[in-house]
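Reading through the structure tokens given below for one structure.
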2 protein chains.
Amino acid sequence: MTFDAIDKKLLQLLQNDSKQTNKELSNKLNLSVTAVFERIKKLENNGVINKYVALVKKEKVEKSFVAFCHIKLSQHIQEYVVQFEKEVTNLTEVLECHHISGDYDYLLKVMVKDMEAFREFMVEKLTNINHIGSTHSMFVISEVKSTTAIPI
Amino acid sequence: MTFDAIDKKLLQLLQNDSKQTNKELSNKLNLSVTAVFERIKKLENNGVINKYVALVKKEKVEKSFVAFCHIKLSQHIQEYVVQFEKEVTNLTEVLECHHISGDYDYLLKVMVKDMEAFREFMVEKLTNINHIGSTHSMFVISEVKSTTAIPI
DNA sequence: ATTTACACTGAAAATTTTTCCAATATGACC
DNA sequence: GGTCATATTGGAAAAATTTTCAGTGTAAAT
């Protein structure tokens, strides 16, 4: 699909606050409520807007400890790759898993309660997955910026 | 605040789909609509739920290229740190910036159109920030998993 | 036993979303 | 430039949802 300037503005607004009413949005966009409604439906139907979610503050739910884990597979056999990706996806502590270029194969974002919980995660879950060659972990000291809003 | 099992379930549901009506939620939780409403309000007022957002599919808005950039500062003077963090926060291409342990000081998640746009971002924006010592970039080959839902 | 605090329910009120229709704009084609 | 087909818009009505409210039940504290 194709976007005009209003669609872009609308996406920016919804990426920052999806609980705004169509009336509020119509004011900000100088449109009628129906026009806003139709534009949003179009963005949803075309898959531009993927889903609507509530973002939870990790400190409030005892998941303040964030780590990034580099992972190298022992061998790059397709069967191993598929199995690793499947198993890592099933771990709820792993919020993100990216297959990346460079010295390691994967970069994971892991969220747990504290260092102790992380140790447990590594020992009992992550390194239990087959075919992992080596890992290297980096711990988040402070979160400088974190947004889900894609620049549009 | 303190959570019971219903609050946890509610947070899980809202982290995956915040557009569900309270009636739908009330069915899944075996509660009245009002009870759901009040629990959600409590979670919002206590800052557990931070915000509600629309998640946009990056492929649909021509931002398919994702990179992680390691950054080392030239010196760790507080003034440099503060200035770097402020300037990097202002870059819309940078969705995340984490101060991390390890060989580098920061890990950035960057989202742009393609490799060409990334080159431009590096040359014209990122390395224009003062006090950067060195950088090391990793490119995302494929996204194995990506969620905003914190395990609760 | 009484009070207090808190979460719950169901119904009513307020607001928002969604539908519907007519009017207007837009773009392709002649 | 004019005409057709298509898409977008605005306003009003209908449908659905959110929000408020009053009353009930439960558990802890006095």
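Convention: sequence-line order gives letters A, B, ...; per-chain numbering from 1. Basis for what follows: all heavy atoms, side chains included, without hydrogens, waters or symmetry-related copies.
Comparing C/dC8, D/dT18, C/dT18 by their nearest atom to the side chain of B/T21 picks out D/dT18. Counting only heavy atoms from C-beta on, B/S32 has its side chain closest to C/dT9 among C/dT19, D/dT8, C/dT9. When the nucleotides C/dT19, D/dT18, C/dC8 are ranked by their closest atom to the side chain of A/F37, C/dT19 comes out on top. Distance from the side chain of A/L31 is smallest to D/dG10 among C/dT9, D/dG10, C/dT17. Among C/dT16, D/dT19, C/dT17, the nucleotide with an atom closest to any side-chain atom of A/K23 is C/dT16.
Put simply, B/K42 has a side-chain N or O that comes within less than 4.0 Å of OP1 or OP2 on C/dA7. For the pair A/K41 and C/dT18, the criterion of a side-chain N or O lying under 4.0 Å from OP1 or OP2 is met. Note on A/R39: every side-chain N or O is 4.0 Å or more away from OP1 and OP2 of D/dA7.
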* Hey, mind stepping through A/E38 and A/K41 against salt bridge (Lys or Arg N to Asp or Glu O under 4.0 Å) and telling me if it holds? -> CA-CA 5 Å; A/E38 299 283 356; A/K41 278 289 162 287; over 6 Å; no
* Asked: Between A/E116 and A/R119, does a salt bridge (Lys or Arg N to Asp or Glu O under 4.0 Å) hold up when you go through it step by step?
  -> CA-CA 5 Å; A/E116 164 63 13; A/R119 194 194 66 82; 3.7 Å; yes
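Here B/K51 does not pair with A/D17 in a salt bridge; the nearest charged N to carboxylate O distance is not below 4.0 Å.
As a whole-Å value, the separation of B/E38 CD from D/dC21 P is 12 Å.
Judged by distance alone, with hydrogens and angles left aside, A/T34 brings a side-chain donor or acceptor within reach of the base of D/dG11, the pair sitting under 3.5 Å.
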